[in-house]
Asker: 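What follows is a structure written as structure tokens; I'll ask about it next.
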Amino acid sequence: MGILSAYLAGNVYVFVHLWRFLHLLSPFFRWLCAPLFWFAAVSLFIALFARDLPLPDSFFRITYNLGAIWMVFILYMTIVLLVSDLSGLLFPMIRRYSSLYFPVALAFVAVLLLWGHVNYLNPKVERVAVDLSPHNGSGDGRQSADSAVPLRIVAVSDLHLGYATGKKALGKYVEKINSLHPDVVLIGGDLIDNSVKPVAEEKMWEELGQIDAPDGIFMVPGNHEYISGIDSVSEFISRTPIVLLRDSVVRLPGGLALVGRDDRSNRRRMDLDELLKGTGDAPVMLLEHQPYDIATKDSLGIALQFYGHTHRGQVWPMSLLVDKMYPQSYGYRKWNNSHVIVSSGLSLWGPPFRIGTDSDLWVIDLTL
């Protein structure tokens, strides 16, 4: 509720500045811009709450993408206009240029969003080498391209396929994954965004079927799989070569036990202690969507943990808040026993911008 109230307040604040600026123009522009402004402000909510209604697909794409872009637009317009207003209070001479506050803020934010969109379209490839062989013990996690690599894992998360991330974008992601020559591909949840409908209508199982991973493609659900309907998601996944792990253990080459844990959205999911009983003495990799209780899992001796979910906030200053919310919000870190990786996400939920964060996919070269 607090976030919704802040969003409403930001829209009102920016609209007041817009209205003042439009008084320099004709009344026609004022009364044209007002309804367009508020339609953009509520369009994301229209798309989300009406997603199951029998409306044209183009309607959902327009309202979803417009509303998602508008969220970030309002965030940065609010910040820039606040700075302008406060500067005018502190330095009265600046106040004489108050009529320029809105157009200058608009130009600045437009350039910032353009840069953020380009940054989002170019995900980073992060690489880490982890030695779990008996002679090495816990491994050092140093990046290396020289040592032998018996198992290469390409791990991604948060593709959020749907109205924002469509068939064309997915095809490019699959090409990128295949170019890294994985033995195994892992998907850390939120493959689907808010509904299976657009994913099925575009037959995105065709692109997912092009992933080339000889030792398997494995996925765990994220919270958005439950938002989309876990049964519908499971049916869609069954059309692909992806193996959906919900409190399951599979053995990978080299003896690695991959533990795929269901999302915490399922309050009846298996306790981790119980799930780990199926791993025996093998080194364990945990695949889970949300990075909670990392220290507890580290104390259980899990060798490698991979998560998504956080997006690292996607844009600044949300990234600062997310950094405070999680014990590890992004990147690689060696804990006492565990090598822990939290992906910022290959794609995004909602607004197609990366400002202060990066989209990523991870190459994990394992020695077992």
Side-chain angles (χ1 to χ4, degrees), residues 3-4 6-11 13-14 18 36-37 39-48 60-83 102-126 156-170 172-173 176 190-194 198 222 224 308-326 329-331 342-361:
I3 294 176
L4 185 60
Y7 176 69
L8 176 61
N11 275 278
Y13 178 68
V14 174
L18 171 64
L36 292 176
F37 181 100
F39 175 75
V42 301
S43 59
L44 180 62
F45 302 100
I46 293 173
L48 293 177
F60 290 109
R61 290 190 184 279
I62 291 170
T63 53
Y64 183 89
N65 287 291
L66 175 61
I69 291 170
W70 192 259
M71 289 178 63
V72 178
F73 171 76
I74 286 297
L75 170 65
Y76 284 112
M77 285 295 291
T78 301
I79 291 172
V80 176
L81 290 172
L82 274 173
V83 171
F102 188 85
V104 170
L106 184 63
F108 175 81
V109 171
V111 172
L112 181 64
L113 295 187
L114 178 61
W115 175 82
H117 183 65
V118 171
N119 189 42
Y120 153 64
L121 293 176
N122 293 276
K124 294 175 62 177
V125 177
E126 302 281 5
V156 300
S157 186
D158 298 273
L159 277 77
H160 287 274
L161 302 177
Y163 292 118
T165 305
K167 190 179 183 76
K168 183 177 179 181
L170 175 58
K172 292 181 178 179
Y173 290 147
K176 187 66 176 179
D190 282 5
L191 176 68
I192 311 297
D193 191 24
N194 296 303
H224 276 257
H309 183 62
T310 71
H311 298 211
R312 210 189 177 194
Q314 294 188 189
V315 297
W316 184 94
M318 299 305 296
S319 54
L320 302 179
L321 175 63
V322 170
D323 286 345
K324 295 292 185 182
M325 289 174 58
Y326 298 95
S329 67
Y330 166 74
V342 181
S343 170
S344 184
L346 182 53
S347 188
L348 293 173
W349 175 87
F353 309 110
R354 285 284 188 179
I355 300 171
T357 68
D358 295 296
S359 300
D360 64 31
L361 64 167

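In this chain, residues are counted from 1 in sequence order.
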Asker: Could you note down all residue pairs passing salt bridge (Lys or Arg N to Asp or Glu O under 4.0 Å) where residues 160-169 supplies at least one of them, sequence neighbours left out?
Answerer: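 Every salt bridge (Lys or Arg N to Asp or Glu O under 4.0 Å) pair that includes a residue of residues 160-169, provided the two are not neighbours, is Lys167-Glu206, Lys167-Glu207.
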Asker: Closest heavy-atom contact between Gly350 and Ala68?
Answerer: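 So the minimum-distance heavy-atom pair works out to C-CB, 3.3 Å.
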Asker: Excluding sequence neighbours, so at least two apart, what forms side chain to side chain donor-acceptor pair (under 3.5 Å) with Asn65?
Answerer: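 Listed in chain order: nothing, the list is empty.
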Asker: Nearest 0.5 Å please: distance from the CG atom of Leu75 over to the CD1 atom of Ile355.
Answerer: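 Rounded to the nearest 0.5 Å, the CG-CD1 separation comes out at 8.5 Å.
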Asker: Can I get a per-line list of side-chain donor-acceptor pairs under 3.5 Å for residues 310-317, giving both atom names and the distance, sequence neighbours left out?
Answerer:
from: Thr310; atom 1: OG1; to: Arg312; atom 2: N; distance (Å): 3.1
from: Thr310; atom 1: OG1; to: Ser329; atom 2: O; distance (Å): 2.7
from: His311; atom 1: ND1; to: Gln314; atom 2: OE1; distance (Å): 2.6
from: His311; atom 1: NE2; to: Asp158; atom 2: OD1; distance (Å): 3.0
from: His311; atom 1: NE2; to: His160; atom 2: NE2; distance (Å): 3.3
from: Arg312; atom 1: NE; to: Asp323; atom 2: OD1; distance (Å): 3.3
from: Arg312; atom 1: NH2; to: Asp323; atom 2: OD2; distance (Å): 3.3
from: Gln314; atom 1: OE1; to: Trp349; atom 2: N; distance (Å): 3.2
from: Gln314; atom 1: NE2; to: Trp349; atom 2: O; distance (Å): 3.2

Asker: Once you round to the nearest 0.5 Å, how far does CG of Asn119 lie from NZ of Lys124?
Answerer: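 Rounded to the nearest 0.5 Å, the CG-NZ separation comes out at 9.0 Å.
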Asker: In the structure I gave you, are the side-chain heavy atoms of Leu81 and Tyr13 within less than 4.5 Å of one another anywhere?
Answerer: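 The answer is yes; the side chains approach within 4.5 Å.
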Asker: Go through it in stages, so that I can follow the logic: the residues are Leu346 and Asp360, the test is side chain to side chain contact (heavy atoms under 4.5 Å, CB included), and I'd like the CA-CA distance, side-chain angles, deciding distance and then a yes or no.
Answerer: CA-CA 5 Å; Leu346 182 53; Asp360 64 31; 5.9 Å; no
Asker: For Lys172, what residues pass the salt bridge (Lys or Arg N to Asp or Glu O under 4.0 Å) criterion, not counting sequence neighbours?
Answerer: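 With neighbours one apart ignored, the set is empty.
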Asker: If you round to the nearest 0.5 Å, how far is CE of Met77 from CG of Leu106?
Answerer: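 Output value for this atom pair is 5.0 Å.
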Asker: Just so I know, are the side chains of Asp193 and His224 near enough to count as touching, which here means a heavy-atom distance under 4.5 Å?
Answerer: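 Of all side-chain heavy-atom pairs linking His224 with Asp193, at least one is under 4.5 Å.
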Asker: Could you walk me through whether Leu161 and Leu191 pass the side chain to side chain contact (heavy atoms under 4.5 Å, CB included) check?
Answerer: CA-CA 6 Å; Leu161 302 177; Leu191 176 68; 3.8 Å; yes
Asker: Is there side-chain contact between Ile46 and Phe60, with at least one heavy-atom pair below 4.5 Å?
Answerer: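 When only atoms from C-beta onward are counted, Phe60 and Ile46 do not touch, as no gap falls below 4.5 Å.
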Asker: Which atom pair, heavy atoms only, marks the closest approach of Gly308 to Val342?
Answerer: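 That would be O-CG1, 4.0 Å.
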Asker: Could you check whether any side-chain heavy atom of Phe45 comes within less than 4.5 Å of a side-chain heavy atom of Tyr7, counting everything from C-beta outward?
Answerer: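 Yes; the side chains approach each other to less than 4.5 Å.
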Asker: Sequence neighbours excluded, which residues qualify as ring pair (Phe, Tyr, Trp, His ring centres under 6.0 Å) partners of Phe39?
Answerer: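 If we apply the ring pair (Phe, Tyr, Trp, His ring centres under 6.0 Å) test to Phe39, skipping adjacent residues, there are no hits.
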Asker: Can you tell if the side chain of Asn122 reaches within under 4.5 Å of the side chain of Val118, non-hydrogen atoms only?
Answerer: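 A side-chain contact exists here, since the closest heavy-atom pair is under 4.5 Å.
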Asker: For residues Phe353 and Tyr76, determine if any side-chain heavy atom of one lies less than 4.5 Å from a side-chain heavy atom of the other.
Answerer: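 Heavy-atom side-chain distance check fails, nothing below 4.5 Å.
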Asker: Do Thr165 and Tyr173 touch side chain to side chain, with heavy atoms closer than 4.5 Å?
Answerer: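 Sidechains of Tyr173 and Thr165: in contact.
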Asker: Is there a side chain to side chain contact (heavy atoms under 4.5 Å, CB included) between Phe73 and Val109? Walk through the geometry before answering.
Answerer: CA-CA 7 Å; Phe73 171 76; Val109 171; 3.9 Å; yes
Asker: Is it true that, when you exclude Leu36 itself, more than 12 heavy atoms of the residues, nucleotides or ligands shown sit nearer than 6.0 Å to its CG?
Answerer: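 Correct, the count exceeds 12.
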Asker: To the closest 0.5 Å, what do you measure between CG (Leu66) and CE (Met71)?
Answerer: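 Separation between the atoms: 12.5 Å.
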Asker: Apply ring pair (Phe, Tyr, Trp, His ring centres under 6.0 Å) to Tyr64 and list each qualifying residue two or more places apart in sequence or on a separate chain.
Answerer: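 Ring pair (Phe, Tyr, Trp, His ring centres under 6.0 Å) list for Tyr64, sorted by chain: empty.
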Asker: Can you check side chain to side chain contact (heavy atoms under 4.5 Å, CB included) on Arg354 and Ser344, steps first, answer last?
Answerer: CA-CA 10 Å; Arg354 285 284 188 179; Ser344 184; 2.8 Å; yes
Asker: For residues Tyr120 and Ser347, determine if any side-chain heavy atom of one lies less than 4.5 Å from a side-chain heavy atom of the other.
Answerer: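 Heavy-atom side-chain distance check passes, below 4.5 Å.
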Asker: Could you tell me which non-hydrogen atom of Pro198 sits nearest to which non-hydrogen atom of Gly162, and how far apart they are?
Answerer: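 For Pro198 and Gly162, the tightest heavy-atom pair comes out as CG-CA, 3.9 Å.
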Asker: Quick one: OG on Ser157 to CG on Leu361, what's the gap to the nearest 0.5 Å?
Answerer: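 Here the rounded value is 11.5 Å.
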Asker: Are the side chain of Thr63 and the backbone N or O of Leu44 linked by a donor-acceptor pair below 3.5 Å?
Answerer: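 Judged by distance alone, no pair lies under 3.5 Å.
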Asker: Do Thr357 and Tyr330 meet the criterion of a side-chain donor-acceptor pair at a distance under 3.5 Å?
Answerer: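 There is no such pair (donor and acceptor under 3.5 Å, judged by atom type) between the side chains of Thr357 and Tyr330.
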